[in-house]
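First comes the structure, then the notes that go with it.
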Amino acid sequence: MITRAAVVPHPPLLVPELVVGAAAETEPVRAATLAAAGKLPGPWVAVAVDDSGPSTYSPPLSGTFLGYGVDVPVSLGGDLPPDARIPLPVLVTAWLREHCGVEVSRVELVPPDLPASDCVSFGQQLASEVDSGSGSEDVGLLFLGDGSTRHGPRSPGSDDERSGPFDSLVHTLLANADVDGLLGLDAGLARELGAQGRAAWQVLAGVPGPWRSLGAEFFAPFGVGYHVAVWERP
């Protein structure tokens with residue numbers, strides 16, 4: 001049964017080999033992400049946001065971060081040759097899996113424009129499948145998605161003064177396990193701010209609780225917002 005869920009980002013900068021010149025600056029995000037993922041029981045079921053969704057990835061599967069500058073091989077399990085076409089969130093899930101020493105059952109990718117109602121339906125369906133299929137075994141849910149890409153002049157998108165309040169609200173909602181608040185996030189505003197994680201957070205909100213938060217953190221190196229949180233379902 002599902003006992004815990006973690007919200008983490010999935011930028012390439014989590015992988016130290018990809019940001020050699022900025023490893024120190026990105027270390028807080030990396031450490032928090034690994035700590036949150038490490039609190040999840042295995043096996044994991046991951047949900048992430050990607051333009052290629054909806055799609056499902058499951059082991060055996062291997063990939064590489066070569067497309068992001070360095071050939072860092074990762075695996076969801078098994079010993080297949082690396083597939084260069086694997087989306088970034090799946091690669092990051094595999095990287096986290098290897099560092100946390102757990103199994104991953106599957107990674108579900110959802111499109112960034114998935115409506116809130118469909119996110120809720122998917123979260124409910126996912127919970128039903130996982131809870132009915134796992135019996136008494138504890139399962140962790142991993143939700144991957146980034147916040148706004150428009151925090152200040154260093155951001156990859158143009159600076160937008162609405163980014164601060166938006167990600168501050170998301171942080172508060174995650175810190176309080178506020179399901180209704182997450183479902184109330186404005187999908188249009190999230191899209192304008194480049195916050196693709198909105199869909200993943202709303203899938204989490206669709207997973208039946210009750211939930212309580214074990215803590216949340218927020219980072220914005222290089223102008224992109226990254227949320228990290230852990231929820232527990234008693």
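This is a predicted model, so every value here is computed, not measured. Starting from 1, each residue takes its place in the sequence as its number.
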Short side-chain to backbone donor-acceptor contact, Arg233 and Ile2, under 3.5 Å | yes
Check whether any side-chain heavy atom of Cys119 lies under 4.5 Å from a side-chain heavy atom of Arg198, and answer yes or no.
-> yes
Non-hydrogen side-chain atoms of Glu217 and Val7 separated by less than 4.5 Å | no
In plain terms, say whether Glu192 and Arg162 are close enough for a salt bridge, that is, a side-chain N and a carboxylate O under 4.0 Å apart.
-> yes
Given side chains that start at C-beta, do those of Leu174 and Ser213 come closer than 4.5 Å, heavy atoms only?
-> no
Would you check if there is a donor-acceptor pair between the side chains of Asp167 and His151 at a distance under 3.5 Å?
-> yes
Report yes or no: does Arg97 contribute a side-chain atom to a donor-acceptor pair with the main-chain N or O of Val74 at less than 3.5 Å?
-> no
Any chance you could measure Leu13, atom CG, to Glu25, atom CD, to the nearest 0.5 Å?
-> 9.5 Å
Just wondering, do Val15 and Tyr68 contact through their side chains at under 4.5 Å, heavy atoms?
-> no
When rounded to the nearest 0.5 Å, the distance separating CG of Leu183 from OG of Ser117 is 10.0 Å
Minimum side-chain heavy-atom gap Val92-Leu14 below 4.5 Å = yes
What are the two closest heavy atoms between Gly123 and Val207, and how far apart are they?
-> O-CG2, 3.7 Å
Does Arg4 use its side chain to pair, donor to acceptor, with the backbone of Lys39 at less than 3.5 Å?
-> yes
Taking all non-hydrogen atoms of both residues, which atom of Pro60 and which atom of Gly78 are closest, and how far apart?
-> CB-CA, 3.9 Å
If you count the non-hydrogen atoms of other residues, nucleotides and ligands that lie under 6.0 Å from CD in Glu27, is the total more than 12?
-> yes
Please report the shortest heavy-atom distance between Pro234 and Pro210, naming the atom on each side.
-> CD-O, 3.4 Å
Rounded distance (nearest 0.5 Å) linking atom CG of Leu88 with atom CG of Asp51 = 11.5 Å
Any chain of hydrophobic side-chain contacts (each under 4.5 Å) joining Leu173 to Phe219?
-> no
Going through the checks in order, is the side-chain contact (heavy atoms from CB on, under 4.5 Å) test met by Val179 and Trp231?
-> CA-CA 11 Å; Val179 170; Trp231 287 12; 4.0 Å; yes
Side chain proximity check, Ser75 to Glu98, heavy atoms < 4.5 angstrom = yes
Just say parallel, tilted or perpendicular for the rings of His227 and His171, cut-offs at 30° and 60°.
-> parallel
pair Phe166-Asp186: side-chain heavy atoms closer than 4.5 Å = no
Can you tell if the side chain of Pro54 reaches within under 4.5 Å of the side chain of Leu109, non-hydrogen atoms only?
-> no
Are Leu204 and Val47 close enough, and set up right, to give a side-chain contact (heavy atoms from CB on, under 4.5 Å), and what steps lead you there?
-> CA-CA 9 Å; Leu204 167 58; Val47 176; over 6 Å; no
Got a donor-acceptor contact below 3.5 angstrom from the Ser105 side chain to the Pro43 backbone?
-> no
Inspect the contact between Glu129 and Arg106 and indicate whether a charged nitrogen and a carboxylate oxygen are less than 4.0 angstrom apart.
-> yes
Applying side-chain contact (heavy atoms from CB on, under 4.5 Å) between Trp44 and each of Val139, Leu76, Leu96, Val107, report the one that passes.
-> Leu96
Are the side chain of Gln196 and the backbone of Asp50 linked by a donor-acceptor contact shorter than 3.5 Å?
-> no
In Å and rounded to the nearest 0.5 Å, what is the CH2 to OG1 distance from Trp95 to Thr33?
-> 7.5 Å
Identify whether Val49 and Trp201 are in the same connected component of the hydrophobic contact network (ILVMFWY, side-chain heavy atoms under 4.5 Å).
-> yes
Are the side chain of Asn176 and the backbone N or O of Asp178 linked by a donor-acceptor pair below 3.5 Å?
-> no
Taking a hydrophobic cluster as the set of Ile, Leu, Val, Met, Phe, Trp and Tyr residues connected by side-chain heavy atoms closer than 4.5 Å, whether directly or through intermediates, do Val45 and Leu142 fall within one such cluster?
-> no
Tyr57-Val203 co-clustered via ILVMFWY side chain contacts under 4.5 Å = no
Check the pair Val72, Thr64 against side-chain contact (heavy atoms from CB on, under 4.5 Å), reporting the backbone distance first and the verdict last.
-> CA-CA 5 Å; Val72 179; Thr64 173; 5.5 Å; no
Shortest non-hydrogen contact from Pro11 toward Asp146 | CD-OD1, 3.9 Å
Drop me the distance from Ser62's OG to Leu80's CG, to the nearest 0.5 angstrom.
-> 5.5 Å
Non-hydrogen atoms of Gln202 and Leu185 that approach each other most closely = NE2-O, 3.6 Å
Give a yes or no answer on whether the side chain of Ser132 reaches the backbone of Ser128 with a donor-acceptor pair at less than 3.5 Å.
-> yes
Look at the side chain of Ser155 and the backbone N and O of Arg150, then say whether any donor-acceptor pair between them is shorter than 3.5 Å.
-> no
Looking only at non-hydrogen atoms, find the nearest pair between Gly152 and Asp159 and report the distance.
-> N-OD1, 2.9 Å
OG of Ser52 to CZ of Arg85: how many Å apart, nearest 0.5 Å?
-> 12.0 Å
Expected output: side-chain Thr93 to main-chain Pro89 donor-acceptor under 3.5 Å | yes
side-chain contact (heavy atoms from CB on, under 4.5 Å) between Val170 and Phe218, intermediate numbers included | CA-CA 9 Å; Val170 173; Phe218 175 71; over 6 Å; no
Quick one: does Thr3's side chain have a donor or acceptor within less than 3.5 Å of a partner on Gly140's backbone?
-> no
Is it possible for you to say whether Leu144 and Tyr226 belong to one hydrophobic cluster, with membership spreading through side-chain heavy-atom contacts below 4.5 Å?
-> yes
